Amino acid sequence: MGFGKRLAALAAGTALCVTSLAATPRYGSWGVDMAGFDRSVKPGDDFWAYANGAWDRMTQIAPDRSSAGISTVLRDQAEIDVRKIVEDLAADPNATGTDRKIGDDYAAWMDEAGIEARGLAPLKPWLARIDAVKTRQDLLRLFAAQGYASPVELGIDADFADPTRYAGYAGQASLGLPDRDYYLLPGAKYDAFRAAYRAYVLQIQTLAGFPDAAARTDRIIALETMLAKDQWARAQKRDMKAIYNPMSRQQLMALAPQFDWPTLLDQSGMGKLDTIITMEPSAVAAAGKALDTVPLATWKEYLAFRFVSDHASFLPKAFDDAHFGFFSKTLNDVPQQRARWKRGVQNVSDALGEAIGQVYVARHYPPESEKQMAELIENLRAAYADNIRAATWMDDATRQQALAKLAAFDPRIGHPQKYIDYSNLQVSRTDPLANDVASSDFEWKLQLSRLGKPVDRTLWDMTPQTVNAYYSPLMNQITFPAAILQPPYFDPAADPAVNYGAIGAIIGHEMGHGFDDQGRQFDATGKFRDWWTPATSDKYKANVARLGAQYDQYEPVAGTHINGKLTMGENLGDLGGIEAAYRAYHRYIAQHGAPKVIDGLTGDQRFFIAYAVAWRGKRREGALRQQLLTDPHSPDKNRTDGIVRNVDAWYKAFDVKPGEKLYLPPAERVHVW
């Protein structure tokens, strides 16, 4: 994950015109697939199952997937669309420029016979750089190089204190396992994961021909476990005040002198910066101490293993299979590797995503969607303004600042106004490993080129073909890529209740991040500044703590609960989003008249059903466990049931009574906006 995406992840009144009589909704007669309902379930007992229970029973997760659901269907379609683009370019002998790069990158990945024939040869120059390390200075130079692991991660993004300028960041880096908890949590399940990981580390080193592989494996895992013990937990890393620590070079040297910061920064290209924002200081300090206590030879072993493991999918099939066997099959319960072309599509999108996105937009994004989305966004903005004005716990001074921030929201829809220039990216048609490292190097140099310049607000952190959306607290921007603007999230021919309950709640969710427990600490300009009065801030914190306590109780996997602190921002986005979307829907019907009853369902009922269907999804147990440990988003079922039980209008729409399983007394419902 790039630093810009990492920071964004920490913090993501004209009515919509939907009256075209010539158009037909893609799903059902009014925009929702009713065959997925389970009418035997009372909405008040399990609303997600009421809207999705039959779908859940009928749907099998594909053997090459860790999950199934609405978003998976849309991602599959985007994958097919992108495949057509890259295969056309790969087969075109006359392709030039970036088109040629796209085709060559995909062709190199798809040439399995060539990858097997070349064997370990593509690895040798990269491992030779590790072999050449003789001193700690040599090691630091490799830490700063692209493609190699490091105990510290360096990055460039807008400065919290001044989001008009770029700043350098440093923080704890990734480990071999997905999260520190896999190294540290007790219990037979995690003991089994650790045993399987040891077998994987041993297997990778044996395949690579490293000597004394068993002893090396034990040393590598001991080093990773040492680092894991001092890394910050994911919930802790969400604390914006805790992670914003500007440090001079002298302060960095005092914190972790072992990194010899002048050398590390010079080698990375950040040598001109006098101040670095250190995100997890204690973890950085502990990693520095590990440089003193762990022999240089062990660090080299670690780097060699990580390089091979991190790039296993670009190597012969035995490496690729080993990587899949552990990270997908063991950790996520996925039984079957994805088709080569599907992974190739993702790989080339990672490397040249905006170039592909430009073609994707031309082929698959109708311009009218942009206009209609803009109208919907403005209706949601007006609804949020109404909710902020109606928030009795907020004093007038804070309210005015909140309204100013809302007014300053910058919505981006569909695609960037300008696309990345990939002219300097070098792509080989015969070396996919080199292409992957070159892509990382290109991205890093692109970041370096921005230092000393004003922050570019036109940049996107997602490609147009991405089925997702996000909010950036530093830019105060909400972004909706083209690929998410499709049914059932958004369908211009659907019942207005469906569009407001689905994409409307998603828009509201992203807007809500501007006022969640971390996003609220940034002002209208994106500056990290406390604009809340103490009294209002205390009321807000007490309220959101109640929501966190609700989510702490949910146990999607036996023995593993949702972490209310880790998921707080996303849960607040969901709650604020649905309440704003509901108000926006009622603004719509105030202008156009009360909706008719359709299929025995009122407009309000269709609104909430559309919301639940938008979270129609399921995961394998292993993937769900990993989500609970590492992902700030709650599982789909809890994003439905955990939210609607706090919304008064849902109770009225479905006549939910005391004694039903989701019922909460009015005093226990959380209302933030």
Side-chain angles (χ1 to χ4, degrees), residues 1-12 140-174 237 240 243-249 251-252 255-256 259-281 283-284 287 350-351 353-354 416 418-422 424-425 437-463 470-477 479 518 522 525-528:
M1 179 185 292
F3 244 73
K5 295 177 184 177
R6 175 180 173 185
L7 293 175
L10 289 169
L140 293 175
R141 293 186 185 97
L142 216 52
F143 285 164
Q146 294 303 302
Y148 295 96
S150 169
V152 292
E153 180 182 5
L154 300 178
I156 295 164
D157 204 353
D159 190 338
F160 280 24
D162 181 4
T164 66
R165 62 179 289 273
Y166 287 107
Y169 288 80
Q172 68 188 40
S174 65
K237 292 193 297 179
M240 294 294 176
I243 66 173
Y244 187 70
N245 304 285
M247 293 189 175
S248 67
R249 288 175 176 241
Q251 289 173 314
L252 285 168
L255 177 72
F259 282 116
D260 184 10
W261 292 92
T263 296
L264 187 63
L265 295 176
D266 284 344
Q267 289 297 313
S268 71
M270 295 167 61
K272 294 182 180 180
L273 296 177
D274 295 322
T275 301
I276 300 294
I277 298 166
T278 309
M279 301 186 74
E280 299 96 4
V284 172
D350 289 343
E354 287 201 9
K418 65 178 183 180
Y419 292 88
I420 291 172
D421 180 358
Y422 293 95
N424 293 329
L425 174 60
V437 180
S439 175
S440 297
D441 190 59
F442 172 82
E443 174 61 31
W444 178 241
K445 287 176 179 175
L446 203 59
Q447 292 187 47
L448 289 175
S449 71
R450 297 169 185 151
L451 285 174
K453 300 176 184 177
V455 165
D456 187 348
R457 293 180 55 86
T458 69
L459 298 175
W460 279 45
D461 286 335
M462 289 179 181
T463 64
Y470 70 93
Y471 171 76
S472 168
L474 290 166
M475 300 293 104
N476 200 23
Q477 292 172 330
T479 303
Q518 300 305 319
F522 296 81
T525 69
K527 183 178 181 179
F528 186 57

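Everything numeric here is computed off the predicted structure, so don't read it as measured data.
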Query raised in the report: Quick one: CD1 on Ile276 to OG on Ser248, what's the gap to the nearest 0.5 Å?
Result: 10.5 Å

Report summary line: For residues 260-274, the salt bridge (Lys or Arg N to Asp or Glu O under 4.0 Å) pairs (sequence neighbours left out) are none

**Report entry** Parallel, tilted or perpendicular, as decided by the 30° and 60° cut-offs, for the rings of Phe522 and Phe528
**Finding:** tilted

Query raised in the report: Considering all heavy atoms of both residues, which atom of Ser439 and which atom of Ala351 are nearest to each other, and what is their separation?
Result: OG-CA, 3.4 Å

Query raised in the report: Can you name the residues that form a side-chain contact (heavy atoms from CB on, under 4.5 Å) with Thr164, not counting sequence neighbours?
Result: Asp162

Query raised in the report: Could you give the distance from CD (Gln447) to CE (Met270), rounded to the nearest 0.5 Å?
Result: 9.0 Å

Query raised in the report: Are any non-hydrogen side-chain atoms of Pro246 and Gln251 less than 4.5 angstrom apart?
Result: no

**Report entry** By side-chain hydrogen bond (donor to acceptor under 3.5 Å, both in side chains) - contacts of Thr275 (at least two apart)
**Finding:** none

Report task. Check whether any side-chain N or O of Trp261 sits under 3.5 Å from a backbone N or O of Leu252 as a donor-acceptor pair, and report yes or no. Result -> yes

Report summary line: Residues at least two apart in sequence or cross-chain that pass side-chain contact (heavy atoms from CB on, under 4.5 Å) with Thr458, listed by chain then number, are Lys418, Asp456

Query raised in the report: Hey, are the side chains of Leu273 and Leu265 touching, using non-hydrogen atoms and a 4.5 Å cut-off?
Result: no

Query raised in the report: What residues, two or more places apart in sequence or in another chain, satisfy salt bridge (Lys or Arg N to Asp or Glu O under 4.0 Å) together with Asp441?
Result: Lys445

Report task. Given side chain to side chain contact (heavy atoms under 4.5 Å, CB included), test Met240 with Phe160 step by step and report yes or no. Result -> CA-CA 9 Å; Met240 294 294 176; Phe160 280 24; 3.9 Å; yes

Report task. Could you pull out all residues at least two apart from Thr278 that satisfy side-chain hydrogen bond (donor to acceptor under 3.5 Å, both in side chains)? Result -> none

Report summary line: Taking every heavy atom of Met247 against every heavy atom of Pro281, the minimum-distance pair comes out as CE-CB, 4.1 Å

Query raised in the report: Taking all non-hydrogen atoms of both residues, which atom of Gly269 and which atom of Leu448 are closest, and how far apart?
Result: O-CD2, 3.5 Å

Query raised in the report: Where do Ile156 and Trp444 come nearest, in terms of heavy atoms and distance?
Result: CD1-CH2, 4.0 Å

Requested in this report: Check Asn245 against Met279 and note the closest heavy-atom contact, atom names and distance.
Outcome: ND2-O, 4.1 Å

Requested in this report: Return the set of residues passing ring-ring contact (aromatic ring centres under 6.0 Å, His included) with Phe442 (not counting sequence neighbours), or none when no residue passes.
Outcome: Tyr422

Report task. Could you list the residues that satisfy salt bridge (Lys or Arg N to Asp or Glu O under 4.0 Å) with Arg457, not counting sequence neighbours? Result -> Asp410

Requested in this report: With the side chain counted from C-beta on, respond yes when Tyr470 and Trp460 share a heavy-atom pair under 4.5 Å apart, and no when they do not.
Outcome: yes

Query raised in the report: side-chain contact (heavy atoms from CB on, under 4.5 Å) with Ala167: which residues, sequence neighbours excluded?
Result: Asp159, Arg165, Tyr169, Ile277

Donor-acceptor pairs under 3.5 angstrom involving side-chain atoms of residues 141-149: please list them, not counting sequence neighbours.
| from | atom 1 | to | atom 2 | distance (Å) |
| --- | --- | --- | --- | --- |
| Arg141 | NH1 | Asp138 | OD1 | 3.0 |
| Tyr148 | OH | Trp126 | O | 2.7 |

Requested in this report: Identify which one of Ile420, Leu459, Asp421 satisfies the side-chain contact (heavy atoms from CB on, under 4.5 Å) criterion when paired with Glu354.
Outcome: Ile420

Report summary line: In short, Val284 meets Phe259 closest at the heavy-atom pair O-CE1, 3.6 Å

**Report entry** Val455: side-chain contact (heavy atoms from CB on, under 4.5 Å) partners, not counting sequence neighbours
**Finding:** Ala158, Tyr166, Met475

Report task. Would you please test Thr479 and Asp461 for side chain to side chain contact (heavy atoms under 4.5 Å, CB included) and show each step? Result -> CA-CA 9 Å; Thr479 303; Asp461 286 335; over 6 Å; no

